[in-house]
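Labels below follow one simple rule: chain letters A, B, ... track the order of the sequence lines, proteins then strands, and each chain is numbered from 1.
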Protein chains: 2
Amino acid sequence: MKKRGTGRKKRRLIFDRKGIEAFAIRLKEVRKKTGISQSQLAFEAGISLSQVARIETARINPTLSTVFAVARALNVSISELFLFNLPTE
Amino acid sequence: MKKRGTGRKKRRLIFDRKGIEAFAIRLKEVRKKTGISQSQLAFEAGISLSQVARIETARINPTLSTVFAVARALNVSISELFLFNLPTE
DNA sequence: CCCACTTATAGCACAAGTGCTATAAATATT
DNA sequence: AATATTTATAGCACTTGTGCTATAAGTGGG
């Protein structure tokens, strides 16, 4: 008996764990290289500190706007932030 | 008199309109180059058609997972999808 | 051992992304 | 022109990203 409500089809959202993890690693790497703290990055990017931490620990699936803000704050191009091999899902 | 509830500070989310628009243009460009329809792209990427349309018309701020899925479906690297100058916000 | 700083978690409230479905509008094709 | 295909909108329900605040855990200096 696994009726979900009234025969509602289950929506499957995507959460690309591997990709998100790869990005997390890359971001931390770039941030470290510029020598700033998560807190400073958050301030510069205009996002919250908790959000930076959540991204670097791959807990969330950030939006493009957030990524753009981070790239600007780190003074790197978007391409540079994605210099890693996107793992096959 | 513009009290919002009980003195709650307004949270400001970011929505990088210019960046999102630049990405929309770039995506449409890459998709066209591969000669597939929004519908096909959606299917290949495992996302909904409405989502592809919303992205290409810059109506939403997609997540990284969505972008990753699209890149895989188009057989391009993430960097390639971001081959445009990120406009200053 | 303290202390300051940094990073990681947690919970709440709210805003927004996403899937799904349906439909309209625009664009090709015959 | 008529038809088919593609693209754009819209609304709903559900899920999740985000800010904010607080707190714990890790780290390095003195």
Point to revise | Heavy-atom donor-acceptor pair, R54(B) side-chain to dG19(C) base, under 3.5 Å | key: yes
Study note, to complete from the structure: Whole-Å distance, I47(A) CD1 to dA15(C) C1', equals 16 Å
Check your understanding: When you match Q51(A) and V52(B) each to their closest nucleotide on DNA chain D, which lands nearer the 5' end?
Key -> V52(B)
Review point. Can you tell me how far C1' of dT6(D) sits from CG of L49(B), to the nearest Å?
Key: 9 Å
**Study point:** Single-linkage hydrophobic cluster F15(B)~F82(B), side-chain heavy atoms < 4.5 angstrom
**Key:** yes
Study note, to complete from the structure: E56(B) atom CD is separated from dT6(D) atom C1', nearest whole Å, by 11 Å
**Study point:** For DNA chain D, the residues among residues 60-83 of chain A that have a non-hydrogen atom under 4.0 Å from it
**Key:** I60(A), N61(A), P62(A), T63(A), T66(A)
Check your understanding: Between E21(B) and K18(B), does at least one N-O distance fall below 4.0 Å, as a salt bridge requires?
Key -> no
Practice item. Verify the contact: side-chain N or O of K28(B) to OP1 or OP2 of dA8(D), cut-off strictly under 4.0 Å; return yes or no. Key: yes
Revision key, fill the gap. Contacts of R59(A) and L13(A) projected onto DNA chain C by closest heavy atom; the upstream (5') one is R59(A)
Exercise for review: Select from I55(B) and S39(A) the residue whose nearest nucleotide in DNA chain C is closer to the 5' end of that strand.
Suggested key: S39(A)
Check your understanding: Linking I/L/V/M/F/W/Y whenever their side-chain heavy atoms sit closer than 4.5 Å, directly or via other members, would I36(B) and F43(B) fall into one cluster?
Key -> no
Check your understanding: What is the distance, rounded to the nearest whole Å, between atom CD1 of I20(B) and atom C1' of dG17(C)?
Key -> 11 Å
Review point. Is R11(B) side chain donor-acceptor paired with the dC20(D) base, going by distance under 3.5 Å alone?
Key: no
**Study point:** Euclidean distance, atom CZ of residue F43(B) to atom P of dT6(D) [Å, nearest integer]
**Key:** 14 Å
Check your understanding: How close or far is atom P of dC20(C) from atom CZ of R12(A), stated in whole angstroms?
Key -> 8 Å
Review point. Got a donor-acceptor contact below 3.5 angstrom from the T66(B) side chain to the P62(B) backbone?
Key: no
**Study point:** Separation of atom CG in L41(B) from atom C1' in dT6(D), rounded to whole Å
**Key:** 13 Å
Review point. Would a hydrophobic clustering, with Ile, Leu, Val, Met, Phe, Trp and Tyr connected at side-chain separations under 4.5 Å, put L64(A) with L13(B)?
Key: no
Check your understanding: Hey, does the side chain of R31(A) come within less than 4.0 Å of dT7(C)'s phosphate (OP1/OP2), counting only N and O?
Key -> yes
**Study point:** Derivation and outcome, side chain to side chain contact (heavy atoms under 4.5 Å, CB included), residues R26(B) and E80(B)
**Key:** CA-CA 9 Å; R26(B) 176 66 180 151; E80(B) 223 162 329; 4.3 Å; yes
Review point. What about S50(A), does its side chain sit under 3.5 Å from the base of dC20(D) through a donor-acceptor pair?
Key: yes
Study note, to complete from the structure: note: I14(B), atom CD1; dT18(D), atom C1'; distance rounded to Å ~ 9 Å
Review point. So, are R31(A) and E56(A) salt-bridged, with charged N and O less than 4.0 Å apart?
Key: yes
**Study point:** Toward the 5' end of DNA chain D, by each residue's nearest nucleotide, S37(B) or F15(A)
**Key:** S37(B)
